[in-house]
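Proteins get letters first, then strands, A, B, ... in listed order; numbering begins at 1 in each.
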Amino acid sequence: MRDKALFFVLWLIFSAICEWLASLIGPHFYFYVASVQAQEGQNAAAFILYMAVPIFVFVVMMLLFALFRFRARDDSIQPAKSQIKINKAYVGTWLGLSLVFNLFLFVHPTASAAQAYFNESMAYNKSPKTLIVDVVARQWEWRFSYPQYGLTQTVDANGNDFLELPVNTPVKFVLNSYDYNHYYDPQIDVIHSFWIPAFGMKMDVIPGETRTEYIEPTKISSTTQNQMLRVQCAEVCGPGHPYMEANMAVVSPANFAKWVAQQKKLEA
Amino acid sequence: MSTVPNNLVTGASGLPLQPRRRMMAPVLRGVIWAAIGFLALNTLVSQVDPGPLHSYVNQVSVVFGWMGAVIGWVFGVGAWDAVVKPAFGYPLRWKETVGWRRFFEYSTDHKVIATQYMVASGSGFIIAGIAAMLMRLQLMEDHLWLFSVPQDYLETVGIHGTIMMFSLATVFMVGGLGNYLIPMMVGSNKSAFPRLSGLSVWFVPAGILTVAFSPLLGAWTTGWRGYEPLAASDGNGIVFYYLGVFALLLSSLFVALNLVATIVFRRAPGLTWNRIPMYAWAMLVVSFLNIIWIPEIMMAFVLALLDKIVPLPFFTAVGSPLTYLEMFWLFGHPEVYIVVLPALGMWMEIMPVMSRKTLFGRQWGIIGLIFVMLLSGLVWAHHMFPTMSDVEVLPFSFFTEMISIPTGFAYMVVIGTLWQSRMRLKAPSLLVLMSMFNFLIGGLTGLFLADPMVNMQIHDTFFVVGHFHYTIIGGMVFSGFAAMYYYLPKFSGRMYNEKWAQFGAYWMFLAFNATFAQFFIIGLRGMNRWVPVYPQYLQAQNFEISIFAFLLGLGFVYNIVYILWVWVKGRKVESQNPWKSKTLEWYANPNPEEDNFKEIPTVLTGFYDYSDDSHPIAWDPTS
Ligand code: HEM
Ligand SMILES: [Cu+2]
Ligand SMILES: [Cu+2]
């Protein structure tokens, strides 16, 4: 009985302390959040973290109890006083709690966050305001075009592929994997993964399929200011995979309009 | 049983046994026959298929040449005399040698085979570990400096992952410890299929070497999944990936057949289903997983190989590019439980003994193992969340979260056993506690990965790499070391020194956590996988992770060397059973020259009641 009471009290105390620590870490789990979707993922991750803490404390304390409180103090081999084989209350509680815990996590945040993302996708897809960016992945390049503005390949001052987005405007990325230099040989197309770390979302680009990803950027920044804001291929796609990266920027709508005009001039 | 002299091959169904001809060392003969086999078949195929663009060793010929080499190797080490010829009615001339030589040839003794497995698997660990060190060395800088081209790094990653998974993680606790302990645990003098088992172990060195030498054919960049459609357009080394893994899996499949049959059919009288030891349950469940899923992935590899060498574009962009990935992970997720269930079984084996307390909730431990086995076939697609369309994700998320429940039963059982016990803190129990801590972190970080929204951020980053190293190293490797320290007195008749062993355990534990906990952080900071070149802002942390990784590598080496040293030179034990364990392996004779049991014991009680010092079998301590 004394062991149980001690354990329970300590568990409460340490859980509280660790929850407090988790509440400091939780909101920064993603390090840098620059889109509505990343914020949702960040919230989900923080929630899971808070849920995991009491379990972590429980098991670790049990291990520590074994190490310190239940440790044999001498080398003699003698039976422990308790030889309990089963305790229905303990097993029942364990089973019940782990079932409740996992079902709960499935409902929230797993299903709820997924649902939120589906709803946003549908809304962005319908909205006339949504910016459409066609993304082509090939070995080893990201190419961006803006069909609404007639831009076929946007580049930066050095002629490298460049992605620019207006802040607080929904974007629909249309993702395809093929090589526009030799589209006659579809055999060699591979899977890539479109990932912008700051946007908290990633989508594989599959040869022969068209995938979409919906994002609403919320912060003005650029790769030069923060490397988390970069287009990175996340799925190994051959020797050039480490170099399959493109720079990008999120700018104000006014600057975006200027940029579009400038790109148009370049392509003309 | 005891009337048959035990260095006789008793498995050979009564064929007359004749003295062995003098012959060269079997391993040497194996190497020579392998070379001949390779040359013969490679030449033949090159000649039959003299495409003007084909070189002498080409994709197709090398596949056949490789088959010739493996057959030559297995025949050379003894299968020809001991298995093939007797099968065709020739007199059996193979007589197993005694002494150290028997470890270097075909054998039917499960203790010898198991030792061969442990050595082969341990060598895989070292080879793949060296690859890991090279990777960490490269990652200390953000640009290429150690490797000259990215292919070399990616290939090193692939070799590391492949050899670790298929020759260490899948093999050590099953082919090694399982083969050693299971016949003893169930009170038998031999396993059910000793000749099959004797053959199977020789596929392990063949497989490891094939993968390790894959760069000879050309760099491959796909990593351990060998995944399509990249593999189809990738370097030719991928051919050796398929073949090497095929050999390693074949070995594991044989082990599985043998272990299942041994546990089901060779139990001593009185060892009822109710009394089967926990590790034997783990081996049974793991072997079922192996039997179900290994043939599946082997077929996938055959298709992928054809895709590559014919080529038949099953999985390229004009075929079905996602099918290979589905097939790989359909096996791949059960695979991770193949790796970890033996570890869970080992916890439940060691802890009641060390804590002198009856195993708590034994039935729940078994239920947990079985449900993990069943559910593990339903979660594969969580390895592919960003690959799937959104609507397919949720069911897999659901089962992924649910599988943590039966996995948790192992914790429930061990924690229940430890509660108010008299825990003797020795290297094995310490390592089990460490393993439980590490695997807990592996499991809890899995919660984040199971959530699709969070997964989309951390998939394919170092967060995942941290997660699976925590489960595999934290779960399996730490438990493997626990088992080695625990069984050392049985295996070798020698005892390690508690101080040196615990020092080694703390070393591994600290270095491991310092390394891999940081993988989570650097992954969240935006470090993606498979990159020898990465943004500059991640360099400082990578540099410092590498330092800890080297310390970890040294820690592993320290423990391995120390265990080997004790095995040959350690202090002799006074008692055959220093932990006073009740499972049958502790009553068995570890000397490979002799039978496990002079007389097959009759089991009278279960094995996990530690309330007294009684024996589960009629036992005469003077014998
Ligand atoms: C000294 C200990 C180890 C270190 C420092 C280490 C390090 C690493 C690193 C850095 C990677 C990621 C490479 C990348 O994506 O760029 C990796 C991948 C991997 N490691 Fe380890 N590792 C160690 C031990 C192990 C062990 C013991 C196992 C399994 C038994 C293992 C299995 C794997 C697998 C399966 C991969 C994935 C390979 C792939 O992406 O294809 N590692 N390891
Ligand atoms: Cu790519
Ligand atoms: Cu890539």
If I measure from the heavy atoms of chain A, does [X] come under 4.5 Å with its side chain, its backbone, both, or neither?
| X | value |
| --- | --- |
| B:P406 | neither |
| B:E155 | neither |
| B:L418 | both |
| B:T222 | backbone |
| B:I521 | both |
| B:R529 | backbone |
| B:L447 | both |
| B:L144 | side chain |
| B:W419 | both |
| B:Y227 | side chain |
| B:T445 | neither |

Contact class of [X] relative to chain B, heavy atoms under 4.5 angstrom:
| X | answer |
| --- | --- |
| A:I48 | both |
| A:M201 | both |
| A:E235 | both |
| A:S76 | both |
| A:Y30 | both |
| A:R230 | side chain |
| A:Y32 | neither |
| A:F194 | neither |
| A:F31 | side chain |
| A:E213 | neither |

* Between A:K202 and B:D460, is a salt bridge (charged side-chain N to carboxylate O under 4.0 Å, His left out) present by the stated rule, with each step listed? -> CA-CA 9 Å; A:K202 141 181 329 111; B:D460 290 336; 5.6 Å; no
N/O donor-acceptor pair under 3.5 Å between [X] side chain and [Y] backbone:
| X | Y | answer |
| --- | --- | --- |
| A:W140 | A:C237 | yes |
| A:S177 | A:V190 | yes |
| B:K357 | B:M351 | no |
| B:S397 | B:A450 | yes |

If only side-chain N and O atoms count, and only distance matters, is there a donor-acceptor pair under 3.5 Å linking [Y] with [X]?
| X | Y | answer |
| --- | --- | --- |
| A:S193 | A:D204 | yes |
| B:Q151 | B:T221 | no |
| A:W142 | A:E245 | no |

* Would you call the rings of A:H108 and A:F104 parallel, tilted or perpendicular if under 30° counts as parallel and over 60° as perpendicular? -> perpendicular
* Asked: Should the ring pair B:Y411 and B:F439 be called parallel, tilted or perpendicular, given that the plane angle runs from 0 to 90° and is split at 30 and 60?
  ->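 Aromatic pair B:Y411/B:F439 classed parallel.
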* Is it the case that more than 12 heavy atoms not belonging to A:F14 sit under 6.0 Å from its CZ atom? -> no
Choice from [options] maximising heavy atom contacts with chain A below 4.5 Å:
| options | answer |
| --- | --- |
| B:F437, B:W364, B:Y153 | B:W364 |
| B:D451, B:D234, B:V531 | B:D451 |
| B:L325, B:D152, B:L154, B:L538 | B:L154 |
| B:Q363, B:K580, B:M402 | B:M402 |
| B:M412, B:R424, B:H459, B:M453 | B:M412 |
| B:M354, B:R225, B:Q457 | B:Q457 |

Between [options], which has the largest tally of heavy atom pairs under 4.5 Å with chain B?
| options | result |
| --- | --- |
| A:I84, A:I55, A:V60 | A:I84 |
| A:G41, A:G240, A:S82 | A:S82 |
| A:A45, A:A111, A:A52 | A:A45 |
| A:C233, A:G238, A:A44 | A:G238 |

* Asked: Are any of the side-chain heavy atoms of B:M434 and B:L431 separated by less than 4.5 Å?
  -> yes
* Can you tell me how far the CZ atom of B:F509 sits from the CG atom of B:L430, to the nearest 0.5 Å? -> 8.5 Å
* Atom pair CD1 (B:I405) and CZ (A:F101), whose distance is rounded to the nearest 0.5 Å -> 10.0 Å
* Would you check if the distance from the ring center of B:F371 to the ring center of B:F409 is below 6.0 Å? => no
* So, A:F7 versus A:F58, ring centres under 6.0 angstrom or not? -> yes
* To do: Take B:Y608 and A:K85 through the test side-chain contact (heavy atoms from CB on, under 4.5 Å) and record every step on the way to the result.
  => CA-CA 10 Å; B:Y608 296 100; A:K85 281 197 184 119; over 6 Å; no
